[in-house]
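Reading through the structure tokens given below for one structure.
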Amino acid sequence: GQNIDQPTEMTATEGAIVQINCTYQTSGFNGLFWYQQHAGEAPTFLSYNVLDGLEEKGRFSSFLSRSKGYSYLLLKELQMKDSASYLCAVRDGSFNTDKLIFGTGTRLQVFP
Amino acid sequence: NAGVTQTPKFRILKIGQSMTLQCTQDMNHNYMYWYRQDPGMGLKLIYYSVGAGITDKGEVPNGYNVSRSTTEDFPLRLELAAPSQTSVYFCASSTTGTSSRYPFGPGTRLTVT
């Protein structure tokens, strides 16, 4: 089975840095995704890690450690528009399938 | 490319009614998925399909049915709607390989009263 954990809520100040952690236990691991979801909207892709290490993309970076079952999303120079939910999802490639299993999401509030 | 499209955007059903949520993708993706998202929660996988004619259950399949007669379309059928099925439903698609980003449709907001 799969188990994906991430904090329910976080708060931060505009201009600051915030790190959202995700731990997982899953069979057939084939990569980890981070999505951003604004209220009332569909999730949008942020990052995908399949190998260990840090992937940097502008203000957002994502890290993966497969041996520890751990990932984090790092958001720098926070802006008010970064207030959203951030969803960690594991790509399960077991039994010749290819599906995303999501955690419950972390709701981030950015204050001025 | 329109990507992943869903209809309707909103729907109110009475208990016991049935309906079909439509999902279409124009990217020739072989995999398609249906998720539901309850308020303040993450996404739960209902059903998925690895290609036309092949479907399988996800984490929360009870009360739903799917079919996949074409690569493009993956409708989700609700029979005998119940209040517990009040949720936002998202469709997504993907292709094999590390480049896939699993684009999502805009969602269908369903209320069962």
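This is a predicted model, so every value here is computed, not measured. Naming: A, B, ... by sequence-line order, numbering from 1 per chain.
Checked against ring-ring contact (aromatic ring centres under 6.0 Å, His included), Tyr89(B) has the following partners two or more places apart in sequence or in another chain: Tyr64(B).
Between the CZ atom in Arg101(B) and the CZ atom in Phe33(A) there is a gap of 9.0 Å [rounded to 0.5 Å]. Taking CE from Met41(B) and CG from Leu87(A), the interatomic distance works out to 11.5 Å, rounded to the nearest 0.5 Å. Separation of atoms CG (Asp92(A)) and CG (Leu45(B)) is listed at 10.0 Å; rounding is to 0.5 Å.
Taken together through direct or relayed side-chain contacts under 4.5 Å among Ile, Leu, Val, Met, Phe, Trp and Tyr, Val50(B) and Val66(B) form parts of separate hydrophobic clusters. Cluster annotation: Leu75(A) is connected to Met80(A) through the hydrophobic network of ILVMFWY side chains, with a link wherever side-chain heavy atoms come within less than 4.5 Å. Trp34(A) and Leu74(A) fall into different hydrophobic clusters, where Ile, Leu, Val, Met, Phe, Trp and Tyr side chains are chained together by heavy-atom contacts under 4.5 Å.
Applying the 6.0 Å contact sphere to CD of Glu77(A) captures no more than 12 heavy atoms from other residues, nucleotides or ligands. Counting heavy atoms of neighbouring residues, nucleotides and ligands inside a 6.0 Å radius, atom NZ of Lys68(A) does not exceed 12 of them. For Arg109(B), the CZ atom is loosely surrounded, since the number of other residues' heavy atoms within 6.0 Å does not exceed 12. Atom CD1 of Ile15(B) sits in a crowded spot, with more than 12 heavy atoms from other residues, nucleotides or ligands closer than 6.0 Å.
Contact check for Lys99(A) versus Tyr33(B): side-chain heavy atoms found under the 4.5 Å cut-off. The side-chain heavy atoms of Phe45(A) and Tyr102(B), taken from C-beta on, include no pair separated by under 4.5 Å. A 4.5 Å side-chain heavy-atom check between Glu59(B) and Ile101(A) finds at least one atom pair inside the cut-off.
Sorted by first and then second residue, the salt bridge (charged side-chain N to carboxylate O under 4.0 Å, His left out) pairs involving residues 74-96 of chain B (not counting sequence neighbours) are Arg77(B)-Glu79(B).
Chain B forms more heavy-atom pairs under 4.5 Å with one residue of Arg107(A), Gln37(A), Glu41(A) than with any other, namely Gln37(A).
Contacts of Leu43(B) with chain A are made by both backbone and side-chain atoms, with heavy-atom separations under 4.5 Å. Proximity to chain A (any heavy atom under 4.5 Å) is restricted, for Phe90(B), to the side chain, taken from C-beta onward. In this structure, no portion of Gln6(A) lies under 4.5 Å from any heavy atom of chain B. Heavy atoms of Leu100(A) lying under 4.5 Å from chain B belong to its backbone as well as its side chain.
Between Tyr35(A) and Phe104(B), the ring centre distance stays below 6.0 Å.
Shown here for Pro106(B) and Ala42(A), the closest heavy-atom pair between the two residues is CA-CB, 4.2 Å.
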